Amino acid sequence: MIGSFIKKKKKEIVLDKENIPEHIAIIMDGNGRWARKRNLPRTMGHRAGVEAIRRVLKEADKIGIKYLTLYAFSTENWKRPKDEVSALMNLLVEYFKKELAELNKNGVVIRISGDITKLPKIAEEEIIKAVEITKNNKGIVLNLAFNYGGRDEILRAVKTIAEDYKNNKINLDEIDEDKFSNYLYTCNIPDPDLIIRPSGEQRISNFLLWQCAYSEFWYSDICWPDFNEEHLHMAIYDFQHRNRRYGGI
Ligand code: IPE
Ligand code: IPE
Ligand code: MG
C-alpha cells in the first residue's frame, strides 16, 4: 500500500506568542528510573538529567520564558544513600564550573531557592559565586531549587516575620500576601504559571507550596533525562488552551 509508505506528517505545535507563560517550574523527576531501564547506575540518570537542563533552559529562553525554576534537590532528598547525595552535590559543582561562563555570556541570572548553608562548602561557594556573577544580567532567570522544601520555606518566612515584628520592623496589619511573598526564597519572582512534572508521578512533593496556588499543572510519563524541546512546547501548548479563572467565572 502506497499510503503506508507515506510518512505521516507530525502535527506541528504552534505556540501563541501573546500567551507565553512568564514563569515555568519543573520537578525534574525520573532520573533513577531512566537509568534503571538502561541497566545504568542511578547517578548516570542524574548526569543525563543535566543534559536535559541544558536543552530545556536554552529552549525556554528562546521561547521567551522569563523565569525557569528547576527542582533539583529537596529537603527530603537527604534520605537517599550517602553516595547518591554526594554524586548530586558533585554534579551541581561540576555544572557551575563547566557552564557558568556560558550562562553568564547568555545573560542568564542565577537564583537559588533553598538553604545552601547545609550543602558541602564547595557547593555553597560555587552557588554564591554563580549568583554574584550573574546578578546584574538581563536574561532569563534560572531559579535552582536546591535543598528546597515548600514547608521549610514557609516556616523560615514565618520566623523572620516574627523576628521583624519583635524588632518593630513590621506591623501586624502590614502583613498581607504580597508582603509575605517577600519573605520567601522566590522574593520578586512571580508565581509559576505552569508547573511541569515528568516521570509519571502526579504529586507536588513539597515544591512551591505557597506559590502554586493558581499554577496550571502538566504531567507526562517521560523521564526527565528524555525531556526535550518538543515536550516543553507540548506543555506550553496545553497551558495556552487552559481557562484560568482564579476563582472567578
Ligand atoms: C529526580 O530523579 C532527581 C532528584 C530527586 C534529585 P529521581 O532520582 O527522583 O528519579 P526516580 O524518581 O528515582 O526515577
Ligand atoms: C522531587 O522528586 C524532588 C526533585 C525532583 C528534586 P522526588 O523523587 O524526591 O519525589 P518523591 O519522593 O517521588 O515524592
Ligand atoms: Mg523521584
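We count residues from 1, following the sequence as given. Note: hydrogens, waters and symmetry copies are ignored here, and every other heavy atom, side chains too, is used. From a predicted model like this one, the values you see are computed outputs, not experimental measurements.
- Within the model, atoms CG of L209 and CG of D152 stand 10.5 Å from one another, a figure rounded to the nearest 0.5 Å.
- Closest non-hydrogen pair, N243 versus R245, comes out as ND2-NH1, 3.0 Å.
- A donor-acceptor pair under 3.5 Å is formed between the side chain of N90 and the backbone N or O of S86.
- There is no side-chain donor-acceptor pair under 3.5 Å between D61 and N106.
- In terms of modelled atom types and a separation under 3.5 Å, the side chain of H46 and the main chain of L88 share no donor-acceptor contact.
- Between atom OG1 of residue T134 and atom CG of residue L142 there is a gap of 8.5 Å, rounded to the nearest 0.5 Å.
- Checking side-chain atoms of R156 against main-chain N and O of L184 turns up no donor-acceptor pair under 3.5 Å.
- Electrostatic pairing of K97 and E94 does not count as a salt bridge here, judged by no charged N lying under 4.0 Å from a carboxylate O.
- Although no hydrogens or angles enter the test, the distance criterion places a donor-acceptor pair under 3.5 Å between the side chain of Y71 and the main chain of S205.
- For the pair R80 and W78, the cation does not sit on the ring face, since its NZ or CZ is not both under 6.0 Å from the ring centre and inside 45° of the axis.
- The backbone N or O of R151 lies less than 3.5 Å from a partner atom in the side chain of N206, making a donor-acceptor pair.
- Classification of E132 and K129 as a salt-bridged pair fails, no side-chain N sitting under 4.0 Å from a carboxylate O.
- With 3.5 Å as the limit, one finds a donor-acceptor pair spanning the side chains of S113 and N143.
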Begin from the C-alpha positions of H233 and Y237 and carry the test ring-ring contact (aromatic ring centres under 6.0 Å, His included) through to its verdict. CA-CA 6 Å; H233 282 250; Y237 181 83; over 10 Å; no

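- Across all their heavy atoms, R42 and G32 have their closest contact at NH1-CA, 3.5 Å.
- Side-chain contact of E153 with Q211: a donor-acceptor pair under 3.5 Å is present, judged by distance alone.
- The backbone N or O of I189 sits nowhere less than 3.5 Å from a side-chain atom of T186 that would complete a donor-acceptor pair.
- When atom types are taken as modelled, the side chain of K17 and the backbone of L15 share no donor-acceptor pair closer than 3.5 angstrom.
- Taking CD1 of I196 as the start and CG of D29 as the end, the distance is 13.5 Å to the nearest 0.5 Å.
- Taking all atoms of both residues into account, the shortest heavy-atom contact from E18 to D16 is N-OD1, 2.8 Å.
- Between C212 and I204 the shortest heavy-atom distance is SG-CD1, 4.3 Å.
- One finds no salt bridge joining E229 and K58 here, because no Lys/Arg side-chain nitrogen approaches an Asp/Glu carboxylate oxygen to under 4.0 Å.
- Contact annotation: the side chain of I63 approaches that of I236 to within less than 4.5 Å [non-hydrogen atoms, C-beta and beyond].
- For the residue pair W224 and S199, no side-chain donor N or O sits within less than 3.5 Å of a side-chain acceptor on the partner.
- One finds a salt bridge joining K118 and D115 here, because a Lys/Arg side-chain nitrogen approaches an Asp/Glu carboxylate oxygen to under 4.0 Å.
- Here the side chains of D193 and I24 are not in contact, with every heavy-atom distance at 4.5 Å or above.
- With hydrogens and angles left out, the side-chain atoms of S220 and H231 include no donor and acceptor closer than 3.5 Å.
- K62 and E59 are joined by a salt bridge, as a carboxylate oxygen and a charged side-chain nitrogen come within less than 4.0 angstrom of each other.
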Does the side chain to side chain contact (heavy atoms under 4.5 Å, CB included) test come out yes or no for L144 and L92, once each step is laid out? CA-CA 10 Å; L144 216 51; L92 173 83; 3.9 Å; yes

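- For D238 (side chain) and H241 (main-chain N/O), no donor-acceptor pair under 3.5 Å exists by modelled atom type.
- Between N77 and S74, the side chains place a donor N or O and an acceptor N or O closer than 3.5 Å (distance only, hydrogens not considered).
- When every heavy atom of R244 is checked against every heavy atom of P192, the shortest pair comes out as NH2-O, 4.3 Å.
- Within the 4.5 Å cutoff, no side-chain heavy atoms of L194 are placed close to those of S215.
- M89 and L100 are not part of a single hydrophobic cluster, where members link through side-chain heavy atoms under 4.5 Å apart.
- Relative orientation of the Y148 and F207 rings is perpendicular, given thresholds of 30° and 60° on the angle between their planes.
- Side-chain atoms of I140 and Y67, non-hydrogen and from C-beta on, never get closer than 4.5 Å to each other.
- A salt bridge is defined here as a Lys NZ or Arg NE, NH1 or NH2 lying under 4.0 Å from an Asp or Glu carboxylate O, and E174 with K169 fails to meet this definition.
- For the residue pair Y185/R111, the side-chain donor-acceptor check at 3.5 Å is not satisfied.
- The two residues A87 and T43 have their closest heavy-atom pair at CB-CG2, 3.3 Å.
- Distance check, rounded to the nearest 0.5 Å: CH2 of W34 to CZ of R47 gives 11.5 Å.
- With rounding to the nearest 0.5 Å, the separation of CD1 in I127 from CD1 in I116 is 5.0 Å.
- How far CD of E22 is from CG of L68: 13.0 Å, rounded to the nearest 0.5 Å.
- Counting heavy atoms from C-beta on, the side chains of F227 and E51 never come closer than 4.5 Å.
- At a threshold of 4.0 Å, the pair K105-E102 counts as salt-bridged, since one of the basic side-chain nitrogens sits closer than that to a carboxylate oxygen.
- Comment: D226 engages R38 in a salt bridge, judged by a side-chain N to carboxylate O separation of less than 4.0 angstrom.
- Annotation: side chain of V109 is not in contact with side chain of K135 (no heavy-atom distance under 4.5 Å).
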Start with the C-alpha distance between R197 and I26, add both sets of side-chain angles, then the distance that settles side chain to side chain contact (heavy atoms under 4.5 Å, CB included), and finish with yes or no. CA-CA 6 Å; R197 183 165 192 161; I26 307 180; over 6 Å; no

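- Contact check for F239 versus E216: side-chain heavy atoms found under the 4.5 Å cut-off.
- Not a single donor-acceptor pair under 3.5 Å links the side chain of N137 to the backbone N or O of G139.
- Side chain of E126 to backbone of V93: no donor-acceptor contact under 3.5 angstrom is found.
- Taking 4.5 Å as the limit, some side-chain heavy atom of F180 sits within range of a side-chain heavy atom of I154.
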